[in-house]
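Working notes, structure below.
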Amino acid sequence: MQWTVDDVKAWLLWTLRQYNLPMISMEYFALDGVALSSLCEEEFQRRAPQCGCTLFAQLEIWKAACQELESRLDMTEASRWSSPGTSASNDASTSNNCASSSGDASDDEEEEGDPTPPPTAGGKVATRGGSHIHLWQFLKELLASPQLHGSCIRWLERTKGVFKIEDSVRVARLWGKRKNRPAMNYDKLSRSIRQYYKKGIMKKTERSQRLVYQFCHPYCM
DNA sequence: GACCGGAAGT
DNA sequence: AACTTCCGGT
């Protein structure tokens, strides 16, 4: 990642504001992009006890988003992480409302066959070694960045934790990729969601609608 | 195709 | 424990 120390600071401030998180001491984050992306979750927690895990999760989303962008306009020129606050250019994103061009057909570009992790200089780096991520956390991650994933999953009633999966195939594919389960599909993903009913992580909505689910109180916060 | 849970596997 | 895989039935 090619963020400078200032880019990192801008991203932190922007993210804090986006999610109404408490202010943190920037001095512990005087890092450039490479250094920031090599921090593990515990290191985020140490630097920002109040919101370290949220920042960590958000950074993961940014990484994924940038990878997707890169793989899309790939091959041409080197792509540089665009930064949020600074230097203006907030690219107008990627919301692909691929307006139904009626016709159809061919499925979307089979995304990335190129999981190039962000350039983490210095060698090693814990890529995504022990992502113990749970499905409900993953879904919340997707829901947290509507500009990127709003076309496949979005909140219907944020405060109640009600959301809708707009593109079951895509969401399942993203989940399978995250868990390294190439055979993942919506049938299996939805089975996992159903397990959440008895665990109290999700519940059925009052009036059941296709592809609409609801988190139980604590989990949608 | 989505939804539903039992049952077995990892 | 938290899924993943498979499945017969709605």
Side-chain angles (χ1 to χ4, degrees), chain A residues 39-45 51-61 63-65 67-68 95-115 117 126-146 148-221:
Chain A
L39 297 182
C40 66
E41 185 167 4
E42 289 67 37
E43 291 170 318
F44 264 84
Q45 295 266 43
C51 51
C53 66
T54 301
L55 290 171
F56 179 76
Q58 282 307 119
L59 185 61
E60 289 297 300
I61 292 169
K63 289 182 187 174
Q67 283 176 51
E68 197 167 311
S95 48
N96 22 352
N97 311 327
C98 316
S100 41
S101 42
S102 47
D104 60 69
S106 20
D107 53 283
D108 32 318
E109 72 299 7
E110 202 41 88
E111 62 213 86
E112 60 266 276
D114 169 35
T127 48
R128 118 165 315 107
S131 62
H132 283 155
I133 192 167
H134 288 190
L135 176 58
W136 61 271
Q137 295 175 308
F138 176 75
L139 294 174
K140 282 185 63 181
E141 272 190 21
L142 297 184
L143 287 163
S145 51
L148 185 65
H149 298 114
S151 61
C152 63
I153 183 172
R154 66 188 176 84
W155 290 112
L156 286 189
E157 280 190 274
R158 177 73 239 252
T159 57
K160 288 187 176 178
V162 178
F163 64 95
K164 177 170 185 175
I165 292 175
E166 303 280 7
D167 185 338
S168 61
V169 173
R170 197 166 172 81
V171 171
R173 197 163 56 203
L174 290 169
W175 174 233
K177 185 186 244 184
R178 180 65 152 265
K179 289 288 293 293
N180 205 6
R181 288 282 177 215
M184 181 51 60
N185 57 32
Y186 181 68
D187 182 53
K188 288 183 277 196
L189 183 154
S190 63
R191 182 69 190 89
S192 290
I193 289 181
R194 269 176 255 131
Q195 305 276 36
Y196 283 158
Y197 293 153
K198 70 175 62 173
K199 292 180 184 172
I201 293 174
M202 288 205 210
K203 59 186 176 185
K204 295 183 184 179
T205 52
E206 297 179 43
R207 229 172 48 71
S208 74
Q209 310 171 64
R210 280 198 151 192
L211 299 169
V212 174
Y213 295 94
Q214 179 169 20
F215 283 102
C216 293
H217 328 91
Y219 295 92
C220 58
M221 313 273 275

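All chains are named by letter (A, B, ...) in the order of the sequence lines, taking the proteins before the strands, and each is independently numbered beginning at 1. From a predicted model like this one, the values you see are computed outputs, not experimental measurements.
- Judged purely by atom type and a 3.5 angstrom limit, A:K140 uses its side chain to pair as donor or acceptor with the backbone of A:Y219.
- One interatomic measurement links the two molecules: CZ of A:F138 to C1' of C:dC3, which rounds to 14 Å at whole-angstrom precision.
- With rounding to whole Å, A:Q195 atom CD is found 13 Å from C:dT5 atom P.
- Between the side chain of A:E41 and the backbone N or O of A:F56 there is no donor-acceptor pair closer than 3.5 Å.
- DNA chain C is contacted by A:M184, A:D187, A:K188, A:R191, A:S192 of residues 183-192 of chain A, taking any non-hydrogen atom closer than 4.0 Å.
- Atom C1' of nucleotide C:dA2 and atom OH of A:Y196 are separated by 7 Å, given to the nearest angstrom.
- Scanning DNA chain B 5' to 3' for nucleotides with an atom closer than 4.0 angstrom to a non-hydrogen atom of chain A gives a first and last hit of B:dG1 to B:dG6.
- Under the 3.5 Å distance criterion, the side-chain polar atoms of A:R154 are left unmatched by any main-chain donor or acceptor of A:H149.
- Atom NZ of A:K198 is separated from atom C1' of C:dA1 by 13 Å (rounded to the nearest Å).
- Of the two residues contacting DNA chain B, namely A:K204 and A:V169, the nearest-nucleotide position lying further toward the 5' end is that of A:V169.
- Of the inter-residue distances, the one linking A:K164 atom NZ with A:R210 atom CZ reads 10.0 Å to the nearest 0.5 angstrom.
- Each of A:L211 and A:R181 has a nearest nucleotide on DNA chain B; the 5'-most of these lies closest to A:L211.
- Put simply, CE on A:M184 and CG on A:L189 are 6.5 Å apart, with the number rounded to the nearest 0.5 Å.
- Distance alone, capped at 3.5 Å, places no donor-acceptor pair between the A:K179 side chain and the A:L135 backbone.
- Rounding to the nearest 0.5 angstrom, the gap separating the NZ atom in A:K177 from the CG atom in A:L174 is 7.0 Å.
- Of the side-chain N and O atoms in A:H132, none sit less than 4.0 angstrom from OP1 or OP2 of C:dA2.
- A centroid separation of 6.0 Å or more is found between the aromatic rings of A:Y196 and A:F215.
- OP1 or OP2 of C:dC3 has not a single side-chain nitrogen or oxygen of A:W175 nearer than 4.0 Å.
- Between A:W175 and A:F138, the angle of the ring planes lies from 30° to 60°, which puts this pair in the tilted group.
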